[in-house]
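See structure below.
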Amino acid sequence: MAYRWETSDSVWLEDDESGQFELASSQGLSRIEWQAQARTRLPDVAQLLGASLPAGCAHAAIYPEGFAYCPECGAALRVCAAAQRLPAWWGPSSAPLPVNEAPLPRHAPHGLPLTALPLAASLETRPPEPQVGQAELKIPAPPNAVCVFAAADFGFAAQRLLALAYTRNVLQYWDPAAMRWHVMTCEDHLADLSFSASAYAWLPAHAEARRGEVGLVPSAQGLVRLLINPVSESFHTEVVLSARLASAPGMVGRRIACLIAAAGGVRLWTADAQGADGETLEIAAEPAGYAALTRPTVFSTEADVIPDPDADGAVPVGGWSRPLSYDGKLMWLHAQGHLVWRPGSVPQWLPWPAGWTPRLQFGGPARSRDGRLWQIGHDGQAYSFRELGVAQAQQRELDGARLGFGTLLFRRGHQVKNEPWDVEDVEDQTRNEALVLPLLENVSSTRSQPTGLVLRMERPPAMAEDALGGAVIQRTLIEWVGQRNVILDEAVRLSHPADCQPFVYDNCLWLHHPGWNEIRGWHLKALP
């Protein structure tokens with residue numbers, strides 16, 4: 001015999017002999033594997049549900065939500081209610097964030113590593129350079145280290161961290177109480193979350209999403225909605241678009257879109273924010289005059305002809321960057337060109353000029369003071385910035401490589417503080433031999449100069465391309481650049497520095513690299 005307790009979100013069963021409580025069901029969750037999994041994770045489950053744990057008695061191991069006293073002896077319980085709601089983290093995403101999640105301003109390109117969270121106010125309270133700090137927190141790296149991170153409450157009572165290993169079809173869940181990673185199992189054993197056709201990006205669930213809903217993610221099955229059950233350490237998916245994806249999904253305005261590999265070539269699929277009312281659009285080539293100036297093509301003279309998928313210059317079926325949402329347009333970059341789409345118009349494929357190769361590994365598009373986006377590249381003789389989003393693009397010659405994105409740019413060890421093509425601001429001649437790679441820009445309306453997290457590589461190879469490739473950098477400083485420059489930590493023998501991923505979780509800034517055994521963290525609170 002079991003007594004049934006119903007809370008606002010859950011149903012619990014109390015055994016009339018042992019007095020133990022068991023979760024039978026909870027809003028938004030699928031099956032509950034209480035005996036098999038959840039019972040071994042009671043502190044974590046109690047935080048997720050906002051349930052209670054014993055404090056001065058042992059009559060039950062866990063109590064339903066709303067219980068403040070033990071019904072057997074009246075002892076006070078420890079109510080696992082979150083002290084505050086923490087802002088979510090999704091990494092570079094083209095989707096706008098809700099007003100309570102520190103959204104980016106409208107003039108900032110969505111999809112670049114930018115954040116409006118107030119990081120600088122905390123990090124700049126540490127001792128300034130040249131003092132070298134160290135990580136204040138460390139957690140184990142996820143078992144499958146090549147992954148993307150998301151931190152949110154997903155409709156539960158506490159924030160949790162997910163790590164999706166998108167090349168291996170593995171979803172990992174961080175249990176902060178047990179200090180360990182759990183690999184979540186697929187409930188239908190058919191979903192495949194792997195995606196390797198292009199750079200990875202996902203779209204977070206909207207504010208009114210169901211409990212457990214993570215968002216829209218690209219997968220081997222197409223575009224799917226991902227839902228998690230952290231109590232049973234499981235997940236399931238709902239197919240939104242069944243197609244072979246050529247790119248990760250993006251969002252502009254109230255429309256989502258992604259590139260798909262159709263029988264007749266690459267097409268753009270778009271739908272509303274929920275994935276409904278979808279339509280497939282053909283992609284137009286650049287105007288004939290522009291094509292003639294760039295390189296020979298097999299296109300006809302009409303501006304809206306679809307490229308032959310087998311011809312040189314056709315829209316590629318993979319290798320795209322993360323999508324960018326900016327100025328009412330969605331944009332994907334590729335080694336061969338870039339694709340631009342504004343809702344209500346025909347998507348446009350714009351190849352790069354003949355002989356000009358973009359340097360996508362340098363960070364991302366830069367934004368000039370007049371609001372235009374520029375991509376750095378090389379023509380075999382010198383670097384230059386090329387305007388994005390227009391057929392008749394302007395080009396700005398450079399005297400050397402610039403690493404970064406948005407407005408956070410560096411030439412070697414010095415910051416470029418005005419236009420992307422301007423001369424760097426030399427404050428310390430000893431930094432001429434360093435190479436700085438920005439990782440995260442902190443957007444703030446109260447600061448006139450760009451601020452963010454960077455890697456300062458000491459004595460790197462002469463060419464930036466080599467430093468960002470497989471070369472081993474003997475010493476790299478993890479540095480915060482702002483009104484007060486702070487060296488947070490240092491790394492030895494680092495290779496592929498662009499693989500470093502910063503993220504914010506549990507009111508801390510974290511930095512992950514697939515080659516590290518631990519993730520390094522720093523508290524986001526002012527230090528004395």
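All residue numbers in this chain count up from 1 along the given sequence.
- The ring pair (Phe, Tyr, Trp, His ring centres under 6.0 Å) check on Trp320 picks up His334, Trp349, with sequence neighbours excluded.
- Partner of Gln415 under the side-chain contact (heavy atoms from CB on, under 4.5 Å) criterion, out of Leu408, Val436, Asn485: Leu408 alone.
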- Task: Could you go through the side chain to side chain contact (heavy atoms under 4.5 Å, CB included) check for Arg402 and Phe385 one step at a time?
- Result: CA-CA 9 Å; Arg402 267 74 167 162; Phe385 272 116; 4.1 Å; yes

- Task: Starting from the C-alpha separation in whole Å, work towards a yes-or-no answer on side chain to side chain contact (heavy atoms under 4.5 Å, CB included) for Val217 and Phe195.
- Result: CA-CA 9 Å; Val217 303; Phe195 179 75; over 6 Å; no

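- For residues 487-502, the set of pairs meeting the side chain to side chain donor-acceptor pair (under 3.5 Å) definition, not counting sequence neighbours, comprises Arg475-Glu490, Asp489-Arg520.
- A 6.0 Å sphere centred on CD of Glu465 holds more than 12 heavy atoms belonging to other residues, nucleotides or ligands.
- Not counting sequence neighbours, the partners of Ala158 by the side-chain contact (heavy atoms from CB on, under 4.5 Å) test are Gln47, Arg160.
- Within the structure, salt bridge (Lys or Arg N to Asp or Glu O under 4.0 Å) pairs that include any residue of residues 435-452 comprise Glu124-Arg447 (at least two apart or interchain).
- When the ring pair (Phe, Tyr, Trp, His ring centres under 6.0 Å) test is applied to His513, the partners found at least two apart in sequence or on another chain are Trp516.
- Looking at heavy atoms from C-beta onward, Ser122 lies out of side-chain contact with His523 at the 4.5 angstrom threshold.
- For residues 504-515, the set of pairs meeting the salt bridge (Lys or Arg N to Asp or Glu O under 4.0 Å) definition, not counting sequence neighbours, is empty.
- Qualifying side-chain contact (heavy atoms from CB on, under 4.5 Å) partners for Pro118, counting only residues two or more places apart in sequence or in other chains: none.
- With sequence neighbours excluded, the residues satisfying ring pair (Phe, Tyr, Trp, His ring centres under 6.0 Å) with Tyr63 are Phe21.
- Using the six-membered ring where Trp is involved, Trp510 and Tyr505 have ring planes that are tilted, between 30° and 60° apart.
- Residues satisfying the ring pair (Phe, Tyr, Trp, His ring centres under 6.0 Å) criterion with Trp374, sequence neighbours excluded, are Trp421.
- The heavy-atom pair separating Ala145 from Pro514 by the smallest distance is CB-O, 3.6 Å.
- In this structure, Tyr173 and Asp44 have side chains that are in contact, with non-hydrogen atoms separated by less than 4.5 Å.
- The CG atom of Leu511 sits 6.5 Å away from atom CG of Leu455, with the distance rounded to the nearest 0.5 Å.
- Judged as a side chain to side chain donor-acceptor pair (under 3.5 Å), the pairs with a partner in residues 189-211 (not counting sequence neighbours) are, in order, Ser26-Arg211, Asp192-Ser194, His206-Gln274, Arg210-Glu238.
- Counting only residues at least two apart or in different chains, salt bridge (Lys or Arg N to Asp or Glu O under 4.0 Å) contacts with residues 174-190 comprise Arg41-Asp175.
- A heavy-atom distance below 4.5 Å is found between the side chains of Arg369 and Glu419.
- The structure places CG of Leu437 at 8.0 Å from SG of Cys500, a figure rounded to the nearest 0.5 Å.
- Sorted by first and then second residue, the side chain to side chain donor-acceptor pair (under 3.5 Å) pairs with a member in residues 97-119 read Arg85-Glu101; sequence neighbours excluded.
- Arg168 CZ: 12 or fewer foreign heavy atoms inside a 6.0 Å radius.
- Contact check on Glu136 versus Arg126 returns a salt bridge, with a Lys/Arg side-chain nitrogen under 4.0 Å from an Asp/Glu carboxylate oxygen.
- The two atoms that bring Ala366 and Leu409 nearest to each other are CB-CD1, 3.7 Å, heavy atoms only.
- Counting heavy atoms from C-beta on, the side chains of Trp174 and Ile519 never come closer than 4.5 Å.
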- Message: I'd like to know whether Glu33 forms a salt bridge (charged side-chain N to carboxylate O under 4.0 Å, His left out) with Arg31, so could you lay out the CA-CA distance, the side-chain angles of the two residues, the decisive distance to 0.1 Å, and finally the verdict.
- Response: CA-CA 6 Å; Glu33 298 288 351; Arg31 68 178 190 274; 2.8 Å; yes

